Amino acid sequence: MANGPGGAAQSGDLRASARPLDSIDRDILRLLRSDGRASIRSVAERVHVSRANAYARINRLIDDGVIRGFSARVDQERAGQGASAYITLKIVQDSWRSVREKLQQLPGAAHMALVSGDFDVLLLVHTSDNRALRDLVLTRIQSIPEVLSTRTLLVFEETDLEPEA
């Protein structure tokens, strides 16, 4: 895909650099990270710009791909997902794109990263219980042909890091 009007690459492409962020942009991002439901008026007041300026800046941040979307922070345990784990995977060299597509389809997959070091992929999953986690790892993940090995690290407690207010 071609780059968009702001010069940022569209999804699937190598990412082009977004326009440099100034202190107002960074303040807007900090506010939206702590409260994604904040109104334009509230954001404008808190960063000391007009509503039109705040609106234009937020739209530019979205268009440039800096803001990828808005979501709710979920307490996984209260949402019925009582077991969480980080799973490390060693995969066949040059199979990242194929493995990523398969991992994205897994129920409970929350985050994944291609990393360097002793393993290739770090995957965060949330499941209803340890039995579902075991099934996910032993049946679903280990059946992916490009996955050479896995290691499961149980999460005993999670804390979302909040942006500075």
Side-chain angles (χ1 to χ4, degrees), residues 1-76 78-79 81 84-127 136 140-141 144 146-147 150 153 155 158-165:
M1 279 188 202
N3 287 351
Q10 303 293 316
S11 64
D13 248 351
L14 294 175
R15 295 176 186 238
S17 296
R19 290 175 251 193
L21 302 181
D22 63 17
S23 63
I24 294 172
D25 292 332
R26 288 190 293 278
D27 286 346
I28 289 171
L29 292 173
R30 181 181 45 77
L31 288 170
L32 291 176
R33 281 188 58 216
S34 66
D35 182 6
R37 295 176 54 177
S39 68
I40 296 289
R41 186 184 67 141
S42 170
V43 170
E45 288 172 359
R46 292 176 70 184
V47 300
H48 310 292
V49 298
S50 70
R51 278 188 253 174
N53 190 339
Y55 182 80
R57 283 173 177 269
I58 290 170
N59 280 335
R60 179 179 47 82
L61 292 166
I62 292 169
D63 290 344
D64 285 353
V66 175
I67 295 176
R68 295 181 297 169
F70 298 88
S71 63
R73 289 190 305 268
V74 177
D75 181 315
Q76 295 298 330
R78 288 180 183 242
Q81 301 296 297
S84 295
Y86 284 97
I87 303 167
T88 66
L89 296 84
K90 288 186 180 180
I91 61 174
V92 172
Q93 189 171 359
D94 295 328
S95 66
W96 164 241
R97 287 175 184 80
S98 166
V99 171
R100 178 180 57 198
E101 288 176 18
K102 293 170 184 163
L103 295 177
Q104 287 173 328
Q105 303 305 313
L106 293 175
H111 180 84
M112 74 179 88
L114 178 65
V115 297
S116 65
D118 293 337
F119 49 89
D120 304 305
V121 178
L122 182 63
L123 175 68
L124 172 62
V125 297
H126 303 289
T127 61
L136 185 71
R140 306 281 301 265
I141 295 173
I144 298 172
E146 300 90 347
V147 173
T150 64
L153 308 165
V155 174
E158 290 182 87
T159 302
D160 285 334
L161 301 177
E162 303 295 327
E164 296 176 16

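Just so we're clear, the structure is a prediction, and the values are computed from it rather than from any experiment.
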From [atom1] ([X]) to [atom2] ([Y]), nearest 0.5 Å:
X	Y	atom1	atom2	answer
Leu122	Leu114	CG	CG	10.5 Å
His48	Asn53	NE2	CG	13.0 Å
Arg68	Leu61	CZ	CG	13.5 Å
Ile87	Phe119	CD1	CZ	12.0 Å
Thr150	Leu123	OG1	CG	10.5 Å
Arg51	Ile40	CZ	CD1	10.0 Å

With sequence neighbours left out, write down each residue that passes side chain to side chain contact (heavy atoms under 4.5 Å, CB included) with [X], or none if nothing qualifies.
X	result
Gln93	none
Asp75	Glu77, Arg78
Glu146	Val92, Ser95, Ser98, Val99, Lys102, Ile144
Leu153	Tyr86, Thr88, Arg151

(message) Checking Ser84 now: which residues fulfil side-chain hydrogen bond (donor to acceptor under 3.5 Å, both in side chains) with it, not counting sequence neighbours?
(response) His126, Glu158
(request) Only counting residues at least two apart or in another chain, list the ones meeting side-chain hydrogen bond (donor to acceptor under 3.5 Å, both in side chains) with Asp27. (result) none
(message) Show the nearest heavy-atom pair for residues Val121 and Val115, with the distance to one decimal.
(response) N-CG2, 4.2 Å
(message) Testing the basics here: between Val74 and Ala79, what is the closest heavy-atom pair and its distance to 0.1 Å?
(response) CG1-CB, 3.8 Å
Partner residues of [X] under the salt bridge (charged side-chain N to carboxylate O under 4.0 Å, His left out) criterion, sequence neighbours left out:
X	result
Arg37	none
Arg41	none
Arg57	Asp22, Asp25

(message) Go through it in stages, so that I can follow the logic: the residues are Leu89 and Ile141, the test is side chain to side chain contact (heavy atoms under 4.5 Å, CB included), and I'd like the CA-CA distance, side-chain angles, deciding distance and then a yes or no.
(response) CA-CA 9 Å; Leu89 296 84; Ile141 295 173; 3.6 Å; yes
(request) Would you list the pairs meeting side chain to side chain donor-acceptor pair (under 3.5 Å) in which at least one residue belongs to residues 105-124, sequence neighbours left out? (result) none
(request) Output, in order, the C-alpha distance, side-chain angles, deciding distance and verdict of side chain to side chain contact (heavy atoms under 4.5 Å, CB included) for Tyr55 and Val43. (result) CA-CA 9 Å; Tyr55 182 80; Val43 170; over 6 Å; no
(message) Taking Leu21's backbone N and O only, do any of them form a donor-acceptor pair with Arg26's side chain (distance below 3.5 Å, no angle check)?
(response) yes
(message) Within the structure provided, determine whether Ile67 and Leu32 are in side-chain contact (heavy-atom separation under 4.5 Å).
(response) yes
